[in-house]
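Predicted, not measured: the structure shown is a model, and the values here were computed from it. The analysis underlying the following values was restricted to heavy atoms, covering all of them including side chains, and did not include hydrogens, waters or symmetry mates.
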Number of protein chains: 2
Amino acid sequence: MGAIVAGFPDHAVLTEVGPRDGLQSEPVFVPTQKKIELIQALLDAGLRRFEVTSFVSPKAVPQMRDAAEVLAAFRDRKDAHLTALVPNMRGAEAAIEAGVDAMVLFASASESHNLKNVNRSRADSLKGFAEVARLAEGSGVRLQGAIATAFGCPFEGEVDVSAVVDQARAYVDLGMDHITLGDTTGMATPALVVDRVQALRPVLGDSTLALHFHNTRGVGLACVYAGLSQGVTYYESSIGGLGGCPFVPRATGNVATEDLAYLLTESGVETGTDLDRLIRAAQLAERIVGRELPGQVMKAGPRLKTAPMDSVRTANG
Amino acid sequence: MGAIVAGFPDHAVLTEVGPRDGLQSEPVFVPTQKKIELIQALLDAGLRRFEVTSFVSPKAVPQMRDAAEVLAAFRDRKDAHLTALVPNMRGAEAAIEAGVDAMVLFASASESHNLKNVNRSRADSLKGFAEVARLAEGSGVRLQGAIATAFGCPFEGEVDVSAVVDQARAYVDLGMDHITLGDTTGMATPALVVDRVQALRPVLGDSTLALHFHNTRGVGLACVYAGLSQGVTYYESSIGGLGGCPFVPRATGNVATEDLAYLLTESGVETGTDLDRLIRAAQLAERIVGRELPGQVMKAGPRLKTAPMDSVRTANG
């Protein structure tokens with residue numbers, strides 16, 4: 001193409017969260033070999049950052065009970081950055097043992113969502129993070145932080161930007177070098193993205209900022225546009241749009257990686273990914289979960305895939 | 001909310017194309033009373049501009065054979081602006097007779113799509129428009145022009161911006177006071193939107209510019225964002241996302257009106273619409289066509305629709 005959007009950064013880095021965020025919400029256990037096959041397909045498509053798995057109680061989240069095994073399959077890929085979600089000290093010990101590059105600690109910007117999600121107050125979550133930070137010291141494993149409900153809470157409604165800023169400041173103080181704003185239930189809007197990104201700038205220091213949007217209300221990629229307009233270069237997404245919104249039965253969840261990569265590439269923002277291979281990986285993800293996924297580009301194909309003139313009927317305009 | 005996105009216009013005007021563009025591609029005839037009920041619901045939701053129908057051959061497009069009847073139902077709504085697609089002189093005569101506010105004439109920016117869509121060359125299309133323009137003179141019926149495949153052609157690939165500019169100039173010369181760029185098969189990207197809007201500025205004169213995107217590759221609302229960033233205030237959309245992409249079986253077509261209205265309102269851009277009522281109209285559209293439509297907000301509900309804390313299980317972040 002060559003077409004660019006003035007003001008956008010010249011590159012962006014995608015973190016694939018499908019293997020964790022996506023497959024964790026599947027009703028059945030996805031076999032370990034299928035997970036490995038999917039991650040391999042995503043590596044082949046050029047992705048290099050992965051939220052691979054979650055070190056959680058296998059009783060609470062049986063879908064992630066093969067965390068160490070999945071990680072082991074990619075530990076020798078030195079070009080890949082592999083993270084895992086860690087809810088507590090036990091998970092942190094297992095994650096370090098398994099050889100993650102970074103642990104992702106997570107708490108919500110709203111009190112009631114944190115209580116619902118991890119059964120403790122936000123203050124207690126931060127205390128737990130401090131323990132994990134001490135454990136991680138000297139291990140070579142980095143710390144990342146996710147701020148859930150950063151754009152709104154399904155129980156409380158609006159979340160004040162100051163709650164997000166305070167939480168990010170606490171994360172930075174704990175040594176987290178990468179902070180993600182999570183749009184847990186699809187309440188982000190472009191205006192809120194601009195607001196939060198601008199408010200966070202003074203507190204981030206050397207930590208990088210990532211945005212993770214859900215397409216629950218159709219505006220996931222418009223929010224990415226807002227992030228790009230503010231110079232944000234890290235985005236999280238899920239191949240095919242794997243992973244639903246836990247609050248709304250028919251609604252979609254994560255922005256689809258291939259749709260995001262399409263938007264970025266067609267806006268002159270380099271991602272290092274190969275769209276045809278991403279589409280194939282999305283098709284693989286559909287086969288693995290056995291149902292249609294919400295990603296759009298995987299259905300329509302790349303922009304310049306032309307059709308023979310006798311292949312279609314048109315509909316006047 | 002009150003949140004705004006800096007640089008966006010303070011208001012936008014939506015044209016609902018579902019009754020024509022959406023229902024025309026339905027496999028069965030939607031009963032006239034259902035069409036009227038849907039348009040009434042959209043009026044009740046605050047929409048005021050409608051592409052109501054199409055004056056085409058009832059043999060070629062039986063879905064629109066009740067064009068005059070549907071229009072007649074709303075002719076006394078002086079606050080509503082009612083247009084119809086008109087492919088030729090016979091259609092123009094019928095449209096004027098039926099009392100449309102404006103006729104929409106359409107041709108493609110690419111030669112092969114025009115041949116496929118209306119079976120004549122682009123030059124011949126323009127000649128036909130000149131005839132219609134003479135017919136319309138003194139009738140009180142205005143002329144609008146749609147430029148199909150304005151962002152790319154499914155047969156030819158890229159469409160040069162100069163083809164779009166030349167066509168718009170010809171439209172202005174024919175007296176068309178409102179020109180729509182149609183993203184016929186979902187090939188628009190933000191970069192192309194910026195490019196075309198800027199290139200068209202010098203030729204539009206007093207004619208207004210509208211953008212009509214398809215969400216075929218997931219970036220429809222990101223393209224709206226690009227349009228807003230350029231100050232464009234007219235957008236076309238379809239309730240629930242009615243209407244498919246004729247080229248791709250599983251792909252979606254028009255941007256959903258309620259998703260568009262949601263994005264605009266949450267960005268501080270006034271539309272005069274009521275989101276709850278738009279959602280109800282989208283649900284009505286789903287009942288009328290008897291299948292799930294691609295609109296997202298109709299499934300998830302407004303942003304601040306909160307859930308009781310015991311209503312859901314969460315999924316860690």
Side-chain angles (χ1 to χ4, degrees), chain A residues 3-5 21 24-25 54 56 85 87 106 112 116-117 146 148 152 154-158 182 184 186-187 189-192 194-195 215-219 221-222 225-226 245-248 250-252 256 259 262-263 266-268 296-297 299-300 303-304 306-307 309 312-317, chain B residues 3-5 21 24-25 54 56 85 87 106 112 116-117 146 148 152 154-158 182 184 186-187 189-192 194-195 215-219 221-222 225-226 245-248 250-252 256 259 262-263 266-268 296-297 299-300 303-304 306-307 309 312-317:
Chain A
I4 65 160
V5 178
D21 185 323
Q24 178 165 325
S25 57
S54 195
V56 285
L85 223 63
F106 57 96
S112 53
K116 178 79 185 174
N117 200 31
F155 309 121
E156 298 177 19
E158 297 293 2
T184 311
M187 294 173 72
T189 66
L192 292 174
V194 172
D195 171 60
N215 202 33
T216 318
R217 290 176 176 86
V219 300
L221 290 182
Y225 195 118
C245 174
F247 294 84
V248 189
R250 292 196 305 162
T252 59
D259 293 1
Y262 169 78
L263 172 68
E266 294 290 342
S267 302
Q296 295 292 310
V297 172
K299 290 153 196 153
R303 261 190 90 234
L304 294 179
T306 51
M309 275 190 71
V312 283
R313 80 178 174 83
T314 56
N316 285 341
Chain B
I4 64 159
V5 176
D21 185 325
Q24 177 165 325
S25 57
S54 194
V56 285
L85 223 63
F106 57 96
S112 53
K116 177 79 184 173
N117 200 33
F155 309 119
E156 299 178 18
E158 298 293 3
T184 311
M187 294 174 72
T189 66
L192 293 175
V194 172
D195 170 60
N215 202 33
T216 318
R217 291 176 175 86
V219 301
L221 290 181
Y225 196 119
C245 174
F247 294 86
V248 190
R250 296 196 303 162
T252 59
D259 292 2
Y262 170 78
L263 172 69
E266 295 291 342
S267 302
Q296 295 291 309
V297 171
K299 291 152 196 155
R303 260 191 89 234
L304 295 178
T306 51
M309 275 189 71
V312 283
R313 82 178 174 80
T314 56
N316 285 339

Q: Using a 4.5 Å cut-off on heavy atoms from C-beta on, say whether the side chain of B/Thr189 contacts that of A/Ser267.
A: no

Q. Which atom names give the shortest non-hydrogen contact between A/Arg217 and B/Tyr262, and what distance separates them?
A. CD-OH, 3.3 Å

Q | Distance-minimising heavy-atom pair for A/Leu221 and B/Ala222 | A | O-CB, 4.2 Å

Q | CD-CG distance between B/Gln296 and A/Asn215, expressed to the nearest 0.5 angstrom | A | 5.5 Å

Q: Answer whether the closest heavy-atom distance between the side chains of A/Lys299 and B/Thr216 falls below 4.5 Å.
A: no

Q: State, with a plain yes or no, whether a side-chain heavy atom of A/Arg303 is found less than 4.5 Å away from one of B/Leu192.
A: yes

Q | Minimum-distance pair of heavy atoms, taken over all atoms of B/Asp259 and A/Gly218 | A | OD2-CA, 4.4 Å

Q. Using non-hydrogen atoms only, which part of A/Ala226 is less than 4.5 Å away from chain B: side chain, backbone, both, or neither?
A. both

